[in-house]
Amino acid sequence: MQFELNKPLKDFNTFHIEAHAEKLICIEDEASLLETVAFAKKEKINTHFIGGGSNILLTKNVQGIVVINQLKGIKIIQENEEFVMVNFSSGENWHECVLWAVEHNYGGIENLSLIPGTIGASPIQNIGAYGVELKDVFHSLEAIHLTSFEKKIFTLEECQFGYRDSIFKQQEKGNWFILNVTLQLTKNPVCNINYGNIKDELLKMNIEYPSIQDVSKAVIQIRSSKLPNPAEIGNAGSFFKNPIVSHSHFEELKSLYPEIPFFTVSNGVKIPAAWLIEKNNWKGFKEGDYGVHKNQALVLVNYNNAKGNDILNLSTQIITSVQQAFNITLEREVNIW
Ligand code: EPU
């Protein structure tokens with residue numbers, strides 16, 4: 001077990017924030033993972049796990065051990081004429097797995113193209129985009145308990161998926177390391193193109209009867225035009241969740257702002273946080289090296305050498321202003337370290 005000491009984390013987080021890990025180790029197999037967590041337990045050292053580093057904001061150096069998950073592998077474990085069950089190791093890059101599925105004409109995750117991060121992170125916040133969420137194709141996952149080292153299969157029900165939420169963000173937070181995720185994909189894909197501007201994008205591409213390859217291309221096109229590429233501008237995708245308000249609160253807002261966009265959901269009305277933030281004039285805001293992206297107000301950005309705390313403070317100012325203007329409390333989607 002070889003740790004790198006005082007290791008810069010700039011390349012391990014998509015915000016590209018400069019912070020150091022006291023000890024860092026990349027693990028490529030289960031045995032090294034077990035050895036590392038057993039060592040940390042014995043020595044009473046904190047461990048922190050990073051997959052793609054695309055949903056964290058580093059506000060200080062990280063004490064203890066940072067484990068970089070590089071468990072790799074894609075295996076078909078069962079198939080019939082209609083479905084294929086594919087097991088993906090948790091250190092695989094999510095988008096590369098989507099491209100693999102699309103190439104094989106296995107449908108179900110094409111709308112989730114170009115989401116940054118790893119397979120292992122995908123169930124934690126039940127990633128979602130363009131009308132599809134991970135839970136729609138999720139079969140099960142295998143995880144290892146970080147103190148008892150017990151291995152367990154979590155079924156769809158046991159994961160308790162919600163909007164950007166799962167049991168791994170609630171009562172089981174920090175307790176498990178996800179080893180692999182099994183998705184049930186279809187061999188007879190039906191494209192889901194009802195969300196937002198997917199149809200328009202396909203029309204622009206002159207496609208009337210899209211394949212999943214076309215849908216994937218359209219989503220890649222939409223995301224690339226709206227969302228900054230983390231390789232060029234540091235960011236972690238949506239910084240906030242879209243809030244859900246009561247019907248009566250929504251009616252009040254609608255009478256003041258008839259143009260307010262919304263989606264009715266089972267427990268109320270969901271309002272795009274980006275609209276609330278833009279309405280408060282934050283879109284395109286820039287100070288020093290940090291700001292709010294010019295094409296998508298939900299995305300906070302590091303233009304060069306911003307500090308994690310600059311971005312955290314900016315997010316607090318945004319939360320306060322949205323609270324004052326609309327009486328809505330935005331919740332951060334990104335994890336603050
Ligand atoms: N809007 C604005 N200003 C903006 C951007 C959007 O007013 O700057 C309004 C528009 O009315 C637009 C509506 O917000 O119609 C919805 O915008 P968009 O389709 O871009 O989606 P979103 O609600 O802002 C969510 C996800 C994204 C996901 C898209 C597409 C959350 C927190 N974010 O954003 O996820 O890609 O839908 O499905 O739910 C991510 O999690 O990192 C992420 C990018």
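Being a predicted model, the structure only gives us computed values, none of them experimental. Each ligand, and each atom within it, is numbered from 1 in the order the structure gives.
Counting only distance, with no hydrogens or angles, the side chain of H48 and the backbone of Q63 share a donor-acceptor pair below 3.5 Å. Checked by atom type and distance alone, the side chain of S90 pairs as donor or acceptor with a backbone atom of I178 at under 3.5 Å. No donor-acceptor pair under 3.5 Å is formed between the side chain of E110 and the backbone N or O of Q213. Under a 3.5 Å cut-off, the side chain of N280 and the backbone N or O of S321 do form a donor-acceptor pair.
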| message | Pair N305, D289 - check side chain to side chain donor-acceptor pair (under 3.5 Å), show working. | response | CA-CA 6 Å; N305 263 324; D289 273 348; 5.1 Å; no
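Distances from ligand 1 to the non-hydrogen atoms of R223 include at least one value under 4.0 Å. Under a 4.0 angstrom heavy-atom cut-off, K226 registers as being in contact with ligand 1.
Contacts between A297 and ligand 1 below 4.0 angstrom, taking non-hydrogen atoms only, involve backbone and side chain alike. Under 4.0 angstrom from ligand 1, the non-hydrogen atoms of Y195 all belong to its side chain. Only the side chain of E278 comes within 4.0 Å of ligand 1, counting heavy atoms alone; its backbone N, CA, C and O stay farther away.
With ring centers used as reference points, W94 lies 6.0 Å or more from F88.
Annotation: atom 28 (C) of ligand 1 to nearest protein heavy atom, A129 CB, 4.0 Å. Scanning the protein for heavy atoms near atom 9 (C) of ligand 1, the closest one is P272 CB, 4.0 Å. The nearest protein atom to atom 26 (C) of ligand 1, hydrogens excluded, is given as R164 NH2, 3.2 Å; this is a heavy-atom distance. Shortest contact from atom 7 (O) of ligand 1 to any protein heavy atom: W275 CA, 3.2 Å. Nearest protein heavy-atom neighbour of atom 25 (C) of ligand 1: N242 ND2, 4.1 Å. The protein atom (non-hydrogen) at minimum distance from atom 6 (C) of ligand 1 is A274 CB, 3.5 Å. Here the heavy atom of the protein found nearest to atom 44 (C) of ligand 1 is S238 OG, 3.3 Å. When hydrogens are left out, the protein atom nearest atom 34 (O) of ligand 1 is L298 CD2, 3.8 Å; that is the closest non-hydrogen contact.
Within ligand 1, the atoms closer than 4.0 Å to a non-hydrogen atom of P261 are 11 (O), numbered from 1 in the order shown. Those atoms of ligand 1 that come under 4.0 Å of a heavy atom in G237, given as number and element, are 42 (O). Close approach to K283 involves these atoms of ligand 1, each under 4.0 Å from a residue heavy atom: 3 (N), 4 (C), 8 (O). Atoms of ligand 1 lying under 4.0 Å from at least one heavy atom of F240, given by number and element, are 32 (C). Atoms of ligand 1 lying under 4.0 Å from at least one heavy atom of Y163, given by number and element, are 31 (C), 32 (C), 39 (O).
Inclusion of Y130 in the set of residues having an N or O under 3.5 Å from an N or O of ligand 1 is warranted.
The protein reaches atom 40 (C) of ligand 1 closely, with a heavy atom under 4.0 angstrom from it. Counting protein heavy atoms under 4.0 angstrom from atom 15 (O) of ligand 1 gives zero.
In this structure, K286 satisfies the cation-pi test against Y303, with its NZ or CZ atom closer than 6.0 Å to the six-membered ring centre and inside 45 degrees of the ring normal. The side-chain tip of K279 does not point at the ring of Y257 from less than 6.0 angstrom away and within 45° of straight on.
E201 has a carboxylate O that lies under 4.0 Å from a charged side-chain N of K204, or vice versa, which qualifies the two as a salt bridge. Classification of K152 and E172 as a salt-bridged pair fails, no side-chain N sitting under 4.0 Å from a carboxylate O.
Residues S225 and N295 share a closest heavy-atom pair of O-ND2, 3.4 Å.
N313 and T316 share no side-chain donor-acceptor pair at under 3.5 Å.
The closest heavy-atom contact to atom 17 (O) of ligand 1, among the options Q296, K294, E133, comes from Q296.
The stretch residues 189-233 participates, sequence neighbours left out, in these ring-ring contact (aromatic ring centres under 6.0 Å, His included) pairs: Y130-Y195.
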